[in-house]
Amino acid sequence: MNKQRRRILIRSATAAAATALGLPALSARAGGEERAAAGIDVHIELHAMQDSVAIRPGAQTRVWRYQGKLLRGDADTLDASAGTYLGPIIRVRRDQRVRIDLINGLPESTIVHWHGLHVPEPMDGHPRYVIGPGKRYVYDFTVVDRAGSYWFHPHPHGRTGKQIYFGLAGLFLVSDDEEAALDLPTGPHDLPLVLQDRTFDNANQLTYLSQSPTGEAAQGSQHRGMMDGDGMGGMGQMMARMMGVLGREILVNGRPSASLAVERRAYRLRLLNASNSRIYKLAWHDGAPLTVIGTDGGLLAAPLQRDYVMLAPAERVDLWVDFAHWPAGTEMTLQSVAFEGGMGMGGMMGDAALPDGAPFGVLKLQIQHGGSDKPALPPQRLSRLPRPQPRMAVNFDHPKVFNITMGMMTWGINGRSFDMLGVSPLETVKLGTHEVWEFRNDGRSGMMGMAMAHAMHVHGLQFRVIGRSVAAATSRQQGTVRAGLLDEGWKDTVLVMPGERVRILLGFKDYPGLFVYHCHMLEHEDAGLMRNYLVKA
């Protein structure tokens, strides 16, 4: 059968299956047809493209990146993030209607997921909506989410890890009236900080599973894990694909060995873990407490203090820091301190030079003269954040159970791996209801499921974490992370440590359709640890 006929048959079968599920057609927003500008507050042309940037001394690094062009909206809507491979920062206000035209200039299919946003199904970036090279996909949605630090990244099945690793990611920051009334730090004192780990070869090129962005074998690759060093490179690569890819260098906003100058005044630090698989345990080098004011879905009800915070892939945390607490000339270091229960053996195989859970520096902050000698305090009341009400769930007394499983070197949930349109009765929910789900990483699926942490993400909504339990066998490991787990506020990603069961409360409103939920350790997702859930009207 020739390739053209095969594509037609597959597309026809997919369309028939989608129709049976009551889903919109694949072409609902693809094709780039012109729409009336009336009612559009922000219009951006977003190009996914190949480029080269200077990241380290020497040769430029080939990357994939997003480049934006503002066609309509305030001048400060788009921050081009000059000098980095990271995509533009998009700043919008709640209730604005946004149109974004994705234009695929890559050599393979892609699509964009607006991570954390509550949008209609065709706008969410489900892998079934991927577009080929040279194609356009039109996003058109109203921002209904509260103020917060959201982000966007590609979401093609089986290639999400690769595309994000080579540079495709950007921040999507939402503001609203409630946040504006608080007089939080703004402008240069509101610092977005994107944390990633990467490995470069001897020619300054990024290597992902020993490949460059062109798909060719990297030259003089340094990406060697424990098994590679023993002459078992193939096995090492296979384990990295299954367990997660870790880089040897830590980058902040696309820069290694990052250092920033700050004034002696209050700052808002917006931290995003955009690493493929690495977990961070963030703390100040001098033991000063961290003041948390926001998580994935926006501001907390009130500030809270932690000695350290855990940040899994895709999680966000907003910190209030007043550098007037330290004298001018002080160098502060934000570091990741040691912990147990991360990627375990898989992490060492991914890269023995910097395994998951190892201590390392993340960012240096040089405190300058000037500012104030009187430290300021954050607002003691940040937002209206009602307590979660689990009893509103239709299944309050019998949570739906989602076991993380592994079989035949394939990840899954309840023994099922990703199926483009597949959805089970357990994964079918009713529009207008609430449910309690329980993610289990307690080893019932076997040793490999037990050995690793997972970052579980649900598309299309924000949820509340309502409970955790931990197996006795892993309680010692849990003790090295427990005090830093951020379950407060609205969440879209939750860290589930080995031996844990985590319960979340979800509400399905506004939009019927097919959405995905998955582990945001990207290699896990690409290897099957992703499933659909169907919201039925």
Side-chain angles (χ1 to χ4, degrees), residues 46-69 78-91 105-106 110 112 115 149-154 160-173 188 190-201 203-208 212-214 218 222-223 245-262 267 269-278 280 282 311 313-317 333-336 351 354 360-366 520 522:
L46 189 68
H47 293 257
M49 58 186 289
Q50 301 179 85
D51 202 355
S52 294
V53 297
I55 299 176
R56 305 159 88 227
Q60 289 196 334
T61 302
R62 294 188 300 275
V63 298
W64 291 0
R65 61 179 301 200
Y66 293 121
Q67 188 172 71
K69 180 181 180 182
L78 200 65
D79 182 343
S81 302
T84 175
Y85 59 80
L86 288 170
I89 299 174
I90 300 174
R91 291 183 170 89
L106 303 175
T110 193
V112 168
H115 188 115
S149 305
Y150 307 93
W151 64 302
F152 59 97
H153 60 77
T160 298
K162 169 188 171 183
Q163 292 191 6
I164 292 180
Y165 192 91
F166 287 135
L168 291 172
L171 285 163
F172 192 96
L173 306 182
D190 180 356
L191 293 179
L193 300 171
V194 180
L195 312 185
Q196 296 174 307
D197 57 335
R198 296 290 184 264
T199 295
F200 298 83
D201 67 15
N204 264 3
Q205 302 309 308
L206 290 164
T207 63
Y208 180 73
S212 70
T214 63
Q222 298 174 353
H223 188 74
V245 169
L246 299 174
R248 292 189 170 213
E249 295 188 44
I250 304 301
L251 280 65
V252 179
N253 293 345
R255 296 293 178 193
S257 305
S259 179
L260 293 172
V262 294
Y267 280 74
L269 306 185
R270 301 177 186 250
L271 293 152
L272 159 66
N273 181 357
S275 302
N276 279 38
S277 296
R278 186 177 297 279
Y280 297 81
L282 298 171
L311 205 64
E315 283 190 304
R316 286 87 70 204
V317 61
T333 300
L334 184 66
Q335 60 186 5
S336 184
D351 199 322
L354 194 60
F360 53 83
V362 175
L363 172 67
K364 293 186 182 299
L365 296 139
Q366 312 286 342
H520 221 283
L522 298 178

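Not measured: the values here are computed from a predicted model.
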Q. Taking all atoms of both residues into account, what is the closest heavy-atom pair of Ser259 and Gln366, and its distance?
A. OG-NE2, 3.6 Å
(Q) Under the criterion side chain to side chain contact (heavy atoms under 4.5 Å, CB included), I'd like the reasoning laid out for Val362 against Leu193: C-alpha separation, chi angles, the key distance, then a yes or no. (A) CA-CA 10 Å; Val362 175; Leu193 300 171; over 6 Å; no
**Q.** Under 3.5 Å donor-acceptor, Arg56 side chain and Ala54 backbone
**A.** no
Q) For the atom pair CG (Asp79) and CD1 (Ile89), what is the distance rounded to the nearest 0.5 Å? A) 4.5 Å
Q | Test item: Asn276 side-chain N/O and Val245 main-chain N/O as donor-acceptor pair under 3.5 Å | A | no
Q. Just by distance, do the side chain of Asn204 and the backbone of Pro57 share a donor-acceptor pair under 3.5 Å?
A. yes
Q. Measuring from Asn253:CG to Leu260:CG, what's the distance to the nearest 0.5 Å?
A. 7.5 Å
Q.
Working to the nearest 0.5 angstrom, can you tell me the gap between His115 NE2 and Leu272 CG?
A. 8.5 Å
Q. Closest approach of Gln60 and Ser52, non-hydrogen atoms and distance?
A. OE1-CB, 3.5 Å
**Q.** Donor-acceptor pair, side chain of Tyr85 and main chain of Arg62, under 3.5 angstrom
**A.** no
Q. Taking side chain as C-beta onward, heavy atoms only, is Asp197 less than 4.5 Å from Leu251?
A. no
**Q.** Arg270 side chain to Ser149 side chain, donor-acceptor N/O pair below 3.5 angstrom
**A.** yes
Q. So do Arg248 and Leu354 actually touch side chain to side chain, heavy atoms under 4.5 Å?
A. no
Q.
Can you list everything that forms a side-chain hydrogen bond (donor to acceptor under 3.5 Å, both in side chains) with Ser277? Sequence neighbours excluded, please.
A. Glu523
Q: Can you sort out the partners of Tyr150 under side-chain hydrogen bond (donor to acceptor under 3.5 Å, both in side chains), two or more places apart, ordered by chain and number?
A: none
Q: Could you list the residues that satisfy side-chain hydrogen bond (donor to acceptor under 3.5 Å, both in side chains) with Gln163, not counting sequence neighbours?
A: Glu108, Thr110
**Q.** Check against side chain to side chain contact (heavy atoms under 4.5 Å, CB included), Leu282 and Leu195
**A.** CA-CA 11 Å; Leu282 298 171; Leu195 312 185; 4.2 Å; yes
(Q) Parallel, tilted or perpendicular: which one describes the rings of His520 and Trp151, with boundaries at 30° and 60°? (A) tilted
Q.
Is there a side chain to side chain contact (heavy atoms under 4.5 Å, CB included) between Leu86 and Val194? Walk through the geometry before answering.
A. CA-CA 9 Å; Leu86 288 170; Val194 180; 3.9 Å; yes
(Q) Can you tell me how the ring of Phe152 sits relative to the ring of Tyr66, calling it parallel under 30°, perpendicular over 60° and tilted otherwise? (A) tilted
**Q.** Any Phe200 side-chain heavy atom under 4.5 Å of Ile55 side chain
**A.** yes
(Q) Once you measure the plane-to-plane angle for Phe166 and Tyr208, does it fall in the parallel (<30°), tilted (30-60°) or perpendicular (>60°) bin? (A) perpendicular
Q: Mind checking the CD-CD spacing from Glu249 to Gln196? Nearest 0.5 Å is all I need.
A: 13.0 Å
(Q) Distance check, rounded to the nearest 0.5 Å: Leu522 atom CG versus His153 atom NE2? (A) 7.5 Å
Q.
To check you understand the geometry: which heavy-atom pair defines the closest contact between Gly254 and Pro256, and what is its length?
A. O-CD, 4.1 Å
Q) Between Val252 and Leu334, is any pair of side-chain heavy atoms under 4.5 Å apart? A) no
Q. Which atom pair, heavy atoms only, marks the closest approach of Leu78 to Pro88?
A. CD1-CB, 3.7 Å
**Q.** From CG (Leu106) to NE2 (His47), nearest 0.5 Å
**A.** 12.0 Å
Q: Compare every heavy atom of Ala203 with every heavy atom of Ala59, then report the nearest pair and how far apart it is.
A: CB-O, 4.0 Å
Q | Non-hydrogen atoms of Ile164 and Arg198 that approach each other most closely | A | O-NH2, 3.2 Å
(Q) Has Gln335 got a side-chain atom pairing as donor or acceptor with Thr333's backbone, closer than 3.5 angstrom? (A) no
